[in-house]
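These numbers come from the heavy atoms of this one structure, side chains and all, not from hydrogens, waters or symmetry mates. Just so we're on the same page: letters track the sequence lines, and every chain starts at 1.
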Amino acid sequence: KQEVTQIPAALSVPEGENLVLNCSFTDSAIYNLQWFRQDPGKGLTSLLLIQSSQREQTSGRLNASLDKSSGRSTLYIAASQPGDSATYLCAVRTGANNLFFGTGTRLTVIP
Amino acid sequence: DAGITQSPRHKVTETGTPVTLRCHQTENHRYMYWYRQDPGHGLRLIHYSYGVKDTDKGEVSDGYSVSRSKTEDFLLTLESATSSQTSVYFCAISESGSGGVSDTQYFGPGTRLTVL
């Protein structure tokens with residue numbers, strides 16, 4: 001069974017700092033990997049999806065990379081802002097009905 | 001935001017009673033999913049649908065059933081609710097499930113269910 005791990009579980013940084021969130025998975029046979037953010041009491045918002053054939057995706061201040069062979073993905077956030085405070089989740093898809101989520105990293109950006 | 005609504009948003013029920021949660025989408029996406037989110041476990045897939053009347057089990061399907069009679073609606077039923085089913089339930093949709101960019105999942109706001 002695919003295991004998805006996100007370390008650290010929580011992270012606090014001062015505003016303006018660049019930061020990296022980590023996601024690791026145990027089975028490299030994935031279709032794609034998706035990053036989400038979740039605000040307290042809310043649903044998940046899709047940030048980026050990286051297909052298995054891709055190495056990275058960018059959207060604004062966000063850049064996600066994928067290294068399938070090592071079972072790792074990183075989400076890079078540039079020039080962090082207080083509005084970036086949320087829980088960030090990664091999920092890997094290994095089939096139509098096989099989606100596995102990590103437990104997330106709770107990010108706090110301090111003004 | 002993708003047009004996904006869930007109802008009810010909050011529900012408190014008693015052990016042994018049936019409960020039905022509804023997910024409604026206005027995006028005409030083919031795939032729909034039900035997840036539960038619990039502390040320490042993250043999100044886990046309960047059931048999913050790949051078309052009208054086409055459904056399949058996910059990782060934690062025991063005690064749950066689903067139905068999809070229309071493209072826009074996906075129902076999750078707890079036949080006889082138990083305290084272990086207290087959770088936050090999320091519905092999600094995607095255009096496809098085959099690995100491309102159209103696999104992007106969009107989530108509803110969630111339903112908080114408490115089983116006493």
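Residue A:Gln57 does not touch chain B at all, counting heavy-atom pairs closer than 4.5 Å. Contacts between B:Glu59 and chain A at a heavy-atom distance below 4.5 Å involve the side chain alone, from C-beta outward. For a residue to count as touching a neighbouring chain, one of its non-hydrogen atoms must lie under 4.5 Å from one of that chain's; by this rule B:Gln6 does not touch chain A. For chain A, no part of B:His47 is nearby; none of its heavy atoms comes within less than 4.5 Å. At a 4.5 Å heavy-atom cutoff, the contact between B:Tyr35 and chain A is made by side-chain atoms alone.
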Practice problem: Would you check, one step at a time, whether the test side-chain contact (heavy atoms from CB on, under 4.5 Å) holds for A:Leu99 with B:Tyr48? | Solution: CA-CA 11 Å; A:Leu99 298 103; B:Tyr48 78 106; over 6 Å; no
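To the nearest 0.5 Å, the span separating OG on B:Ser94 from CD on A:Gln34 amounts to 8.5 Å.
If you chain together hydrophobic residues whose side chains sit under 4.5 Å apart, A:Leu62 and A:Val92 fall into the same group. Clustering ILVMFWY residues whenever any of their side-chain heavy atoms sit less than 4.5 angstrom apart, transitively, puts A:Leu89 in a cluster other than the one holding A:Ile77. Following chains of ILVMFWY side-chain contacts shorter than 4.5 Å, one cannot reach A:Tyr76 starting from A:Leu33, and the two form parts of different hydrophobic clusters. A:Leu75 and A:Leu107 fall within a single hydrophobic cluster, where Ile, Leu, Val, Met, Phe, Trp and Tyr are joined by side-chain heavy atoms under 4.5 Å apart, directly or via other members. When hydrophobic clusters are built by joining Ile, Leu, Val, Met, Phe, Trp and Tyr residues whose side-chain heavy atoms come closer than 4.5 Å, directly or via intermediates, A:Leu48 is grouped together with A:Phe25.
Of all non-hydrogen atoms in A:Ser46 and B:Thr104, the two that sit nearest each other are OG-CG2, 3.4 Å. Of all the heavy atoms in B:His41 and A:Thr103, the pair that sits closest is C-CG2, 3.9 Å. Smallest separation of non-hydrogen atoms from A:Leu44 and B:Phe107: O-CB, 3.4 Å. The minimum heavy-atom distance between A:Phe36 and B:Gln105, with the atom names listed, is CE2-O, 3.6 Å.
More than 12 heavy atoms of other shown residues, nucleotides or ligands fall within 6.0 angstrom of atom CZ in B:Arg44. For B:Glu14, the CD atom is loosely surrounded, since the number of other residues' heavy atoms within 6.0 Å does not exceed 12.
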